[in-house]
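Accompanying notes for the structure given below.
Index from 1, following the sequence.
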Amino acid sequence: QVQPVESGGGLVQAGGSLRLSCAASGRTFSIYGMGWFRQAPGKEREFVAAINWSGGPTYYTDSLKGRFTISRDNVENTVYLQMNNLKPEDTAVYYCAAKMRGSGWYKTTDYHYWGRGTQVTVSS
C-alpha cells in the first residue's frame with residue numbers, strides 16, 4: 001500500500017499563491033505516478049494535474065495550465081502543486097492520489113490510493 005498525505009492548504013487572497021505538498025509513504029518504489037484532484041462543495045471531484053514518477057510527462061487540465069505547476073522530488077517521495085494567481089473558484093479540498101499502473105491519468109478511477117485532502121480557500 002501507499003499512503004499519500006497532503007499539506008500546505010490554507011486561506012489566501014485572490015491573486016496569491018500556495019504550494020501544496022504530498023508526501024507518500026509505504027510501497028513508494030511501486031508508484032507509477034501521482035496526481036492532484038480537487039472537489040468544491042456540491043461538485044464532483046475533478047482532475048487538476050499529474051506527473052509520471054520516473055521523470056516522464058506531466059498532465060494538466062486545460063483550464064489550469066499556466067497557473068498551476070506539478071513537480072516531484074523522488075528522494076523525498078513528495079509531489080508538489082504550485083498554484084499561482086489563485087481565484088475564488090479555486091476554492092476546494094485538494095486531494096493527492098497515487099497511481100500504481102495503467103495508462104489513464106485524468107479519472108479518479110485511474111488512481112489507487114488517496115490522501116484525506118487539504119482545504120484551499122481563496123477569498124475575493
Side-chain angles (χ1 to χ4, degrees):
Q1 286 191 342
V2 172
Q3 295 83 39
V5 177
E6 306 93 338
S7 61
L11 174 65
V12 64
Q13 289 188 333
S17 299
L18 279 176
R19 189 177 81 155
L20 304 183
S21 300
C22 175
S25 62
R27 297 176 62 87
T28 56
F29 55 87
S30 297
I31 293 175
Y32 184 71
M34 298 287 288
W36 286 97
F37 287 73
R38 68 184 185 182
Q39 188 166 18
K43 295 188 176 181
E44 293 187 352
R45 195 169 298 188
E46 64 175 358
F47 174 77
V48 174
I51 189 167
N52 184 292
W53 205 239
S54 63
T58 55
Y59 307 85
Y60 294 93
T61 192
D62 287 344
S63 61
L64 298 177
K65 283 182 181 178
R67 293 198 299 123
F68 288 17
T69 303
I70 190 170
S71 62
R72 81 202 189 289
D73 182 333
N74 290 64
V75 174
E76 298 293 332
N77 292 319
T78 299
V79 64
Y80 303 97
L81 185 68
Q82 178 67 42
M83 306 185 295
N84 298 327
N85 190 22
L86 283 161
K87 304 176 181 181
E89 51 264 41
D90 294 319
T91 295
V93 177
Y94 284 72
Y95 296 92
C96 174
K99 174 181 174 64
M100 311 307 285
R101 59 190 173 274
S103 59
W105 290 92
Y106 300 97
K107 300 179 180 179
T108 57
T109 51
D110 293 327
Y111 296 81
H112 302 89
Y113 299 103
W114 290 82
R116 294 185 176 183
T118 185
Q119 176 71 47
V120 171
T121 303
V122 184
S123 63
S124 57

Would you name the heavy atoms of T121 and Q119 that are closest together and state the gap between them?
OG1-NE2, 3.3 Å

Going by side-chain contact (heavy atoms from CB on, under 4.5 Å), name the residues that satisfy it together with A24, two or more places apart in sequence or in a different chain.
V2, T28, I31, M34

Which pairs pass disulfide (SG to SG under 2.5 Å) with one or both residues in residues 68-124, sequence neighbours excluded?
C22-C96

Taking a hydrophobic cluster as the set of Ile, Leu, Val, Met, Phe, Trp and Tyr residues connected by side-chain heavy atoms closer than 4.5 Å, whether directly or through intermediates, do V93 and W36 fall within one such cluster?
no

Tell me, please, which residues at least two apart from K43 pass side-chain contact (heavy atoms from CB on, under 4.5 Å).
A40

Measure across S124 and A14 and return the closest heavy-atom pair with its distance rounded to 0.1 Å.
CA-CB, 4.4 Å

For W105, check ring pair (Phe, Tyr, Trp, His ring centres under 6.0 Å) against everything at least two apart and list the hits.
Y32, Y59

Disulfide (SG to SG under 2.5 Å): which pairs involve residues 49-79, sequence neighbours left out?
none

Could you tell me whether the side chain of K99 and the main chain of G104 form a donor-acceptor pair under 3.5 Å?
yes

Closest non-hydrogen atoms of S17 and N84, given as atom of the first, atom of the second and distance, are OG-OD1, 3.0 Å

S30 and its side-chain contact (heavy atoms from CB on, under 4.5 Å) partner, picked from M100, R101, H112:
M100

Cluster check V120, Y95: I/L/V/M/F/W/Y, side chain < 4.5 angstrom
no

Main-chain N/O of W53 paired with R72 side-chain donor or acceptor, under 3.5 Å
yes

Between CD on residue Q82 and CG on residue L18, distance to nearest 0.5 Å
8.5 Å

Carefully, step by step, assess L20 and E6 under the rule side chain to side chain contact (heavy atoms under 4.5 Å, CB included).
CA-CA 7 Å; L20 304 183; E6 306 93 338; over 6 Å; no

Taking only residues two or more places apart in sequence, or in another chain, which ones meet D90 in a side-chain contact (heavy atoms from CB on, under 4.5 Å)?
R38, L64, R67, F68, L86, K87, Y94, V122

Quick check for you: to the nearest 0.5 Å, what is the distance between E76 atom CD and S21 atom OG?
10.5 Å

Kindly say whether I70 contributes a backbone atom to a donor-acceptor pair with the side chain of Y60 at under 3.5 angstrom?
yes

d(E46 CD, Q39 CD) to nearest 0.5 Å is 9.5 Å

Rounded to the nearest 0.5 Å, what separates atom OH in Y111 from atom CZ in R45?
12.5 Å

same_hphob_cluster(W114, V48) at 4.5 Å side-chain heavy-atom cutoff
no

same_hphob_cluster(L81, I51) at 4.5 Å side-chain heavy-atom cutoff
yes

Any side-chain heavy atom of D73 within less than 4.5 Å of one from Y80?
yes

Verify, without hydrogens or angle tests, whether Q1 (side chain) and R27 (backbone) share a donor-acceptor contact under 3.5 angstrom.
no

